[in-house]
Amino acid sequence: MRLSRDFFYTLREDVRDEDSASGNLLTRAGMIRRMAAGVYMMLPLGLKAMEKIDAIIREEMVRAGSVELRMPALIPEDVYIASGRREAFGASMFALKDRGGRPFVLGPTHEELFAVAARQAIHSYKDLPLSLFQFQTKYRDEPRPRFGLIRVREFVMKDAYSFDLDLEGLDHSYQAMFDAYKRAFDRMEIKYAIVTADTGAMGGLLSEEFQALCPIGEDILVMNEESGYASNLEVAACPKPEPSTEEHRTPRAVPTPGQKTIEDVTNFFGETAERFVKTLIYMADGRPAAFLVRGDHEISEVKAMKLAGCHELEMAPPEVVEEVTRAPVGFAGPIGLEIPIYADYSVMAMANMITGGNEADMHIVDVNLEDFQITASGDIRQIHEGETTPESGGPVHFRRGIEIGNTFKLGEKYSMAMDLFYTDSDNQRRPVVMGSYGIGPGRCLAAIVEQNHADGRIFWPRAVAPIEVAIVVVSTKNEAQVAVAEGLYESFQQAGYDVLLDDRDERAGIKFNDMDLIGAWLRVTVGRGVAEGKVELKLASSDDVEEVAIADAPARVAELLGH
RNA sequence: CGAGGUGUAGCGCAGUUGGCUAGCGCGCCUGCUUUGGGAGCAGGAUGUCGGGGGUUCGAGUCCCUUCACCUCGACCA
């Protein structure tokens, strides 16, 4: 690009309302611009970086044997009703009607459409396996977009789908995609962890996430480096404690006026939180249910949903809490509840616990398991840092990650819903076994910047730098300099580099600063050295400046770029 | 959805108890000087003060309303 003519600008100051380094730097570098909450313009330089990321992903997809196509974003609503996901996505789906009043949605993900498309091509076991992918815009009406490109409402996703005969075939397809993902992220030089994750709204058998390690990441990763254990906090298994050997006493009510929170009550009783049980009232698929966790623990809603076997779980509104506990919010307890009660393993190990009294200003002490009826017990809490589980093999610690990729073994869920079957060699009709695999290229871009910036400038990994070579003409009034710069520009373009010519009539300092901000990988300075037949080369990653003869510049640049 | 906050020039901001032509820095335009790390001097342009309504002789400022955006929360009863 030639700056005197191209669409290019930078901002000198930090941008208001950009709460992440990547959002701020990409905006200042003139690569992106926010239009609305979670909606961004992708400007030429940002688009260039995106295209490089896309190209890497595309190459790895093709290498893994996947075939590219493109689905619509505008989709009749009944496609998602058929799979039962219209409800699962709920308000996070952008919904609209056409002029005839027919309901449409903007697709948040495309398992259904791919299943529908595959129906045309898959009839026999001879048609399998098959792998398809696309780069396509998704729409999700996030409750709270934030962190620049990291949580947005409109974004391009690379999504791929595998179709296999059986679970064994799925394992192969999954592994091929998994390896492709690793190669792609390695080429982008992203520092990431792979964690087991919740299958969530996708459903299915297994989910693993590729998480770019980064302090502003929204996911908490539970890890143990020695054993290689890594799991999303949502699903990280907790240790199962030994039952208490304390002798069980008889429950008795104790007045606790105004003591509602665990903190209140621990102070009131002068006991540690481990002696208390939190009774959380939820709506599980619309019906109230109680979940018990120890006072010092936090519930994992993902695990709780699995234990309760429900698809939707949200905190019950105060009216419901008051109805089922017959007490104001803050005094719920298991004794006398007439709704299903699910208990965490740690509660199963407790004795003489303190619970709410289901009565205003009342708690009950010395409660034991025999004093109430439990529907089911299981691991429904979040693990704490420092705990050890059989899986982790040692104490876990937490890190934060940005989810840049996710792989799912879906199984037969969508095939069954969308009627995707094949005939096997014994003339039996069988559901196709599917997998789905997503990468957020925009999140990759953001994660790369988060991981590679300092002093208000971006340091791009080699493979994704939008500008490989920036030619800075120090003085555009100096004809000799301009001629040399133009010659090099032409030569670098011929060589196929991503090259930028800063021929703006600006002072050298402005140009140098701008090239630093946008993270030009290699800078060629065409200035006073031209009089002696020389130009200067400088890598963004180093402070060293190398003088070379103009005639030698193309060869040396090629060498530095590794072309 | 709950709570809080912010909307004033392209960007970042100030604007007193309501007061007369609405300011500052950067950027932009013109000229001169300068010219290797965000130049200097002089001159200049640019505003539905988020929108609508109201109070008032007079509103960026007060009131009502609405929209947008941001932060925290929306699991701990």
Side-chain angles (χ1 to χ4, degrees), chain A residues 9-20 23-24 27-28 30 33-39 90-91 143-148 233-234 256 258-266 273 276-283 288 290-305 313-318 320-322 324-325 327-334 337 344 355-358 360 363 380-382 455-457 472-478 481 502 504-517 523 525-531 535-536 538 543 545 547:
Chain A
Y9 66 89
T10 56
L11 301 176
R12 290 200 176 193
E13 296 178 72
D14 284 351
V15 192
R16 206 168 78 110
D17 293 344
E18 277 297 348
D19 50 349
S20 63
N24 188 46
T27 303
R28 284 191 49 206
R33 183 176 164 188
R34 179 157 61 198
M35 256 310 285
V39 181
R144 229 183 105 194
R146 63 181 129 178
F147 299 140
L233 177 66
E234 293 178 337
T256 51
Q259 312 296 309
K260 292 186 175 188
T261 67
I262 285 292
E263 200 188 345
D264 292 342
V265 184
T266 50
F276 292 82
V277 167
K278 291 197 275 201
T279 305
L280 310 171
I281 311 295
Y282 274 88
M283 300 304 284
F291 293 86
L292 309 183
V293 295
R294 217 167 69 186
D296 59 326
H297 288 158
E298 301 78 39
I299 193 169
S300 159
E301 293 187 348
V302 166
K303 293 179 181 179
M305 271 196 267
L313 192 68
E314 55 182 19
M315 292 299 288
V320 173
V321 176
E322 283 163 23
V324 302
T325 66
V329 169
F331 297 96
L337 280 187
D344 184 64
T355 73
N358 291 331
H363 280 76
I380 59 169
R381 71 171 175 99
Q382 293 177 3
D455 306 323
R457 47 191 293 200
V472 170
V473 189
V474 172
S475 172
T476 51
K477 293 196 173 62
N478 181 315
Q481 289 181 20
D502 194 347
R504 293 175 298 172
D505 183 18
E506 294 286 358
R507 300 173 66 82
I510 288 179
K511 299 184 183 187
F512 293 152
N513 275 304
D514 277 348
M515 292 310 101
D516 288 345
L517 171 61
R523 192 180 80 204
T525 307
V526 181
R528 58 190 168 215
V530 165
V535 294
E536 293 160 25
K538 182 187 167 300
D543 289 331
V545 174
E547 272 204 328

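The basis for the numbers below is simple: all heavy atoms, side chains too, and nothing from hydrogens, waters or symmetry mates. Here is how names work: the chains are called A, B, and so on, in the same order as the sequence lines, proteins then strands, and each is numbered from 1. Note that the coordinates shown come from a computational prediction; the quantities given were computed from them, not determined experimentally.
Of all nucleotides present, only rC72(B) satisfies the Watson-Crick or G-U wobble test against rG2(B), with each distance under 3.5 Å. rU16(B) is unpaired under the criterion used here, namely a Watson-Crick or G-U wobble arrangement in which both key atom distances are under 3.5 Å. A 3.5 Å limit on both hydrogen-bonding distances identifies no Watson-Crick or G-U partner for rA45(B). The partner of rC26(B) is rG10(B), by the rule that a Watson-Crick or G-U pair needs both atom distances under 3.5 Å. Judged by Watson-Crick or G-U wobble contacts below 3.5 Å, the nucleotide rC32(B) has rG40(B) as its partner.
Across the C1' atoms, rC13(B) and rA74(B) are found 33 Å apart, a figure rounded to whole Å. Taking atom C1' on both nucleotides, rG25(B) is separated from rG15(B) by 15 Å, rounded to a whole Å. Straight-line distance between the P atoms of rC11(B) and rC67(B): roughly 24 Å, to the nearest whole Å. Taking the P atoms as reference points, rC49(B) lies 34 Å from rA39(B), given to the whole Å. Rounded to the nearest Å, the gap between the P atom of rC20(B) and that of rC24(B) is 15 Å. Comparing rG5(B) with rG52(B), their P atoms sit 24 Å apart, to the nearest whole Å. For the P atom pair drawn from rU21(B) and rG58(B), the interatomic distance equals 14 Å after rounding to whole Å. Look at the P atom in both rG10(B) and rC29(B): the space between them is 15 Å, to the nearest Å.
Checked against salt bridge (charged side-chain N to carboxylate O under 4.0 Å, His left out), Glu18(A) has the following partners two or more places apart in sequence or in another chain: Arg34(A). Judged as a side-chain contact (heavy atoms from CB on, under 4.5 Å), and not counting sequence neighbours, Arg507(A) has no contacts. Under the rule for a side chain to side chain donor-acceptor pair (under 3.5 Å), Gln259(A) has no partner lying at least two apart in sequence or in another chain. Take His297(A) and apply the side chain to side chain donor-acceptor pair (under 3.5 Å) test, not counting sequence neighbours, and it matches Arg294(A), Ser346(A), Arg381(A).
Residue Asp19(A) has its side chain nearest to rU71(B) when only rC75(B), rU71(B), rA77(B) are considered. Listed candidates were rU71(B), rC76(B), rC75(B). Nearest to the side chain of Lys278(A) is rC76(B). For Asp17(A), counting side-chain heavy atoms from C-beta on, the closest listed nucleotide (rC75(B), rG25(B), rC70(B)) is rC70(B).
Nearest-nucleotide positions on RNA chain B place Ala36(A) closer to the 5' end than the other of Val329(A) and Ala36(A). Between Asp14(A) and Ala332(A), the one whose closest nucleotide on RNA chain B sits nearer the 5' end is Asp14(A).
Straight-line distance from the CD atom of Glu298(A) to the P atom of rC76(B): 11 Å, rounded to whole Å. Between the CG atom of Asp505(A) and the P atom of rG27(B) there is a distance of 14 Å, rounded to whole Å. The interatomic distance linking Arg146(A) (CZ) with rA74(B) (C1') rounds to 11 Å, in whole Å. Nucleotide rC76(B) holds its C1' atom 12 Å from the CD1 atom of Ile380(A), rounded to whole Å. As a whole-Å value, the separation of Glu322(A) CD from rA77(B) P is 15 Å. In this structure, Met315(A) atom CE and rA74(B) atom P are separated by 10 Å, rounded to whole Å. Rounded to an integer number of Å, the gap from Phe147(A) CZ to rC69(B) C1' is 16 Å. For the pair Glu314(A) CD and rC76(B) P, the interatomic distance rounds to 14 Å; values are reported in whole Å.
Here Pro328(A) lies out of heavy-atom contact (under 4.0 Å) with every strand. Using a 4.0 Å heavy-atom criterion, one finds that Tyr9(A) contacts no nucleic acid atom at all. Among the heavy atoms of the strands lying under 4.0 Å from Gln382(A) is at least one base atom, whether or not backbone atoms are also near.
Formation of a donor-acceptor pair under 3.5 Å by the Glu298(A) side chain with backbone atoms of Gln382(A) is not found in this model. Remark: side-chain polar atoms of Asp455(A) are not paired, donor with acceptor, to backbone N or O of Arg457(A) under 3.5 angstrom.
Screening Asp514(A), Thr27(A), Asn513(A) for a side-chain hydrogen bond (donor to acceptor under 3.5 Å, both in side chains) involving Thr10(A) leaves a single residue, Asp514(A).
Inter-residue side-chain proximity for Arg523(A) and Phe512(A) is flagged as met; some heavy-atom pair is nearer than 4.5 Å. Between Val474(A) and Lys511(A), every side-chain heavy-atom pair lies at or beyond the 4.5 Å cut-off.
Taking all atoms of both residues into account, the shortest heavy-atom contact from Pro317(A) to Met283(A) is CD-CG, 4.1 Å. Ile380(A) and Asp344(A) get closest at one heavy-atom pair: N-OD1, 2.8 Å. Between Ala332(A) and Asn358(A), the shortest heavy-atom distance links the atoms CA-OD1, 3.4 Å.
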At under 4.0 Å between heavy atoms, how does the protein contact nucleotides 32-38 of chain B? Give one character per nucleotide, 5' to 3', with B, S or -. --B-BBB
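Not one side-chain nitrogen or oxygen of Arg381(A) sits closer than 4.0 Å to the OP1 or OP2 atom of rC76(B). Look at Arg16(A) and you won't find any side-chain N or O under 4.0 angstrom from OP1 or OP2 of rC11(B).
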Show the distances under 3.5 angstrom between N or O atoms of the protein and N or O atoms of nucleotides 45-49 of chain B.
none

